Amino acid sequence: MAAVQHVLLSTEAELLVKALDVSSLEKVGDKRWWNRHDMLEKLNIQSIMNIPSNSCFITENLLTHGKISLVINELITSEIWSERIFPILYHEMSQKDQSTLPVYMTLFHEATVAGLVESVFYYKEVSEEAGDFLLDLIDYAYRKLTKLISKQHCESITQKDPKNDLLKQNEDIQFTIAMKCISIIKYICDAMDSITLSAITRILNTHDFPYLLSQLIDLAPWKKRKENGEVEIFTDNKWVIVPKDETHLLPKIEGQVWLTLYQLLLHPEAQRKYEYNLHRKTQLLKLRRYLHELLLDQLPYLSEVQRFLENLSVMDPPPSKQDLIIEQIPEVRNKLERMYEGRWNKIAKTQLQQNFTMSSKDMKEHAQRLAATYDLDILESLIDEAPTCSNCQNEATKRCSRCQNEWYCSRPCQVKHWSKHKELCNILSAK
């Protein structure tokens, strides 16, 4: 693996963090917005690169300059854009023959910001410093995970119609974001000793995360079995095939769900605040069937969860608490929804005309900006396994000679994939 490189030095990161400002939904896709995307992407990549060395200067700068709330605001703005503006844009663009790459990158922006949030919330002091915006982040994670659960009961977009490519890409992006939300909620729960009562109440009773996470254990969306019997798990933002002799090992994401359940069921504050009823008790007791010897060998402390559930099984749910609770309500999403209510179509059509309908010159400038942000040599320093073929997913040894972006195992695979790769290749190789 190549030596670890830096996208940003500490001083450069501080300058970028200080320059971050609040974004506007109306301005998504303009030049200033793309500059902000570049800054956030570089901060995100560097925060990932800092993990092996336990360096946290990205987090420190965001805390020092009071930008945690701004990043959460950016995340929710991106969510609203993908829900409200993107469907209108897609409908308009599906009737025209034009590049969808800028729209795809705008959708991907939400995953970029979610990745940055995931990496910085690893540090407990971030949950404490987030203040009232922590409630908005908890709500955001809840929305993503409930949608993930509902998607498990629906068919994915699998049609070969090219018009559906962007929808499928968005579906994949939203799945990746939901996986990041599992980590985000885990890190927030790890800081339960220092977060506000409103945040604890929202996690436990308003959104009932113990119930929600137990449903995720049932569905295991991070694991799937292919038609040939191979098992795939989602790890490090991609699907990987699990060797047959390792299928018994606990996936990292599933381990995070169990860790979060451990906190939510056994933390003293959670036990005082969580309101058990028959419905919740019935769902939580379903977890017992997963607490077998193989799992307990890998996560021994789950034996405490097992004992707790056995005790819960013979207890009657206590009567509902009648305490008066003044609950704080998150404001970011509601404020944005009210601000732009009734203007979604106008904003979408304006953005399509001004920001997403690009001339050849604009596309080249856009490609140069992307190439500068996503430096391939630096990104490859983060990858410790062999590249895979973009067509058949086997190990690859050859690279597209024009853009240097896609890998292939053979010339026939490259030819087969050309129709999908052509547009991006032309853009990335533009001078």
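In this text the structure is predicted, and so the values were computed from the model without any measurement.
- Looking at Lys252 and Asp236, their side chains come closer than 4.5 Å, going by heavy atoms from C-beta outward.
- The two atoms that bring Phe57 and Ala13 nearest to each other are CE1-CB, 3.8 Å, heavy atoms only.
- Taking the six-membered ring for Trp, His109 and Trp33 have ring centres closer than 6.0 Å.
- Not a single side-chain hydrogen bond (donor to acceptor under 3.5 Å, both in side chains) links Thr176 to another residue, sequence neighbours left out.
- Other residues, nucleotides and ligands contribute only 12 or fewer heavy atoms inside 6.0 Å of the NZ atom of Lys27.
- Looking at Glu83 and Arg333, a side-chain N of the basic residue comes within less than 4.0 Å of a carboxylate O on the acidic one, giving a salt bridge.
- In this structure, Lys147 places its NZ atom where more than 12 heavy-atom neighbours from other residues, nucleotides or ligands lie under 6.0 Å away.
- More than 12 heavy atoms of other residues, nucleotides or ligands shown are found within 6.0 angstrom of CZ on Arg343.
- Taking all atoms of both residues into account, the shortest heavy-atom contact from Trp81 to Leu89 is CZ2-CD1, 3.3 Å.
- Residues His91 and Phe86 form no side-chain contact, since every pair of their non-hydrogen atoms from C-beta on lies 4.5 Å or further apart.
- Looking at every heavy atom in both residues, His37 comes nearest to Thr112 through CE1-OG1, 4.0 Å.
- In this structure, Leu213 CG and Glu254 CD are separated by 12.0 Å, a value rounded to the nearest 0.5 Å.
- Within the 4.5 Å cutoff, the side chain of Pro210 has no heavy atoms near those of the Arg280 side chain.
- Although no hydrogens or angles enter the test, the distance criterion places no donor-acceptor pair under 3.5 Å between the side chain of Asn61 and the main chain of Val17.
- Residue Thr59 holds its OG1 atom at 12.5 Å from CD of Glu129, rounded to the nearest 0.5 Å.
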* To do: Could you walk me through whether Phe121 and Tyr123 pass ring pair (Phe, Tyr, Trp, His ring centres under 6.0 Å), step by step?
  => CA-CA 5 Å; Phe121 268 80; Tyr123 302 95; over 10 Å; no

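- Within a 6.0 Å radius of OH in Tyr122, other residues, nucleotides and ligands contribute 12 heavy atoms or fewer.
- Considering Val126, Ile203, Ile200 in turn, Ile203 is the only one that fulfils the side-chain contact (heavy atoms from CB on, under 4.5 Å) rule with Ile188.
- Between Tyr340 and Trp344, the ring-plane angle classifies as tilted under the 30° and 60° cut-offs.
- In this model, a donor atom of one side chain and an acceptor atom of the other lie less than 3.5 Å apart for Lys180 and Asn237.
- Distance alone, capped at 3.5 Å, is enough to place a donor-acceptor pair between the Gln351 side chain and the Leu25 backbone.
- Look at Lys224 and Glu230 and you find no salt bridge, because none of the NZ, NE, NH1 or NH2 atoms lies under 4.0 Å from a carboxylate O.
- A salt bridge links Asp139 to Arg202: one of the charged nitrogens lies within less than 4.0 Å of a carboxylate oxygen.
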* Asked: Glu74 and Lys67: salt bridge (charged side-chain N to carboxylate O under 4.0 Å, His left out), yes or no, with the steps?
  -> CA-CA 11 Å; Glu74 182 75 23; Lys67 300 290 186 172; over 6 Å; no

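- Proximity of a side-chain donor or acceptor of Glu232 to a complementary backbone N or O of Val240 within less than 3.5 Å is not detected.
- Looking at Asn44, its side chain does come within 3.5 Å of a backbone N or O of Leu116 through a donor-acceptor pair.
- Between Tyr262 and His267, the ring centre distance reaches or exceeds 6.0 Å.
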* Applying side-chain contact (heavy atoms from CB on, under 4.5 Å), run through Trp418 and Asn391 and close with a yes or a no. => CA-CA 9 Å; Trp418 176 242; Asn391 183 61; over 6 Å; no

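- Side-chain contact between Gln174 and Lys151 is absent, with no heavy atoms from C-beta onward closer than 4.5 Å.
- The closest side-chain heavy-atom distance from Leu284 to Tyr274 is below 4.5 Å.
- With a 4.5 Å cut-off on side-chain heavy atoms, Glu92 and Phe356 do not count as touching.
- Using a 30° and 60° split on the angle between ring planes, Phe234 and Trp239 fall in the perpendicular class, above 60°.
- Between Glu269 and Arg272 there is a salt bridge, with a side-chain nitrogen of the basic residue lying less than 4.0 Å from a carboxylate oxygen of the acidic one.
- Residues Val242 and Leu249 fail the side-chain proximity criterion, which asks for heavy atoms closer than 4.5 Å.
- Side-chain contact between Lys273 and Leu197 is present, with at least one heavy-atom pair separated by less than 4.5 Å.
- Proximity of a side-chain donor or acceptor of Asn205 to a complementary backbone N or O of Glu275 within less than 3.5 Å is detected.
- For the residue pair Tyr104 / Asn170, no side-chain donor-acceptor distance below 3.5 Å is found, with atom types taken as modelled.
- The backbone N or O of Pro330 lies less than 3.5 Å from no partner atom in the side chain of Asp132, so there is not a single donor-acceptor pair.
- Atom OG of residue Ser82 and atom CD1 of residue Ile173 lie 9.0 Å apart, to the nearest 0.5 angstrom.
- One N or O on the side chain of Thr196 and one on the backbone of Ala199 form a donor-acceptor pair closer than 3.5 Å.
- Using modelled atom types and a 3.5 Å distance limit, the side chains of Asp165 and Gln169 yield no donor-acceptor pair.
- The side-chain contact (heavy atoms from CB on, under 4.5 Å) with Lys186 is formed by just one residue from the set Ile182, Ile184, Asp190; it is Asp190.
- Closest non-hydrogen pair, Phe175 versus Pro221, comes out as CZ-O, 3.4 Å.
- Counting all heavy atoms, side chain and backbone alike, Ser183 lies closest to Glu118 at OG-OE2, 3.1 Å.
- In this structure, Leu259 CG and Leu299 CG are separated by 6.0 Å, a value rounded to the nearest 0.5 Å.
- Under a 4.0 Å N-O distance rule, the pair Arg289/Asp218 qualifies as a salt bridge.
- Ile149 contributes atom CD1, which lies 4.5 Å from atom CG of Leu216 (distance to the nearest 0.5 angstrom).
- Ile72 and Ala130 get closest at one heavy-atom pair: CD1-CB, 4.3 Å.
- Judged purely by atom type and a 3.5 angstrom limit, Gln306 uses its side chain to pair as donor or acceptor with the backbone of Leu291.
- In this structure, Glu12 places its CD atom where more than 12 heavy-atom neighbours from other residues, nucleotides or ligands lie under 6.0 Å away.
- Distance OG/Ser119 to CD1/Ile51: 6.5 Å, rounded to 0.5 Å.
- Without hydrogens or angle criteria, Asn394 side chain to Cys389 main chain gives no donor-acceptor distance under 3.5 Å.
- Checked for salt-bridge contact, Asp38 and Lys42 miss the test: no charged N lies under 4.0 Å from a carboxylate O.
- A salt bridge links Arg36 to Asp21: at least one charged side-chain nitrogen sits closer than 4.0 Å to a carboxylate oxygen.
- Ring orientation note: the planes of His207 and Phe209 are nearly perpendicular, at an angle over 60° on the 30°/60° scale.
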* Asked: What do the steps show when you test Leu295 against Trp258 for side-chain contact (heavy atoms from CB on, under 4.5 Å), and what is the final call?
  -> CA-CA 10 Å; Leu295 176 60; Trp258 281 112; 3.8 Å; yes

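- Although no hydrogens or angles enter the test, the distance criterion places a donor-acceptor pair under 3.5 Å between the side chain of Gln298 and the main chain of His248.
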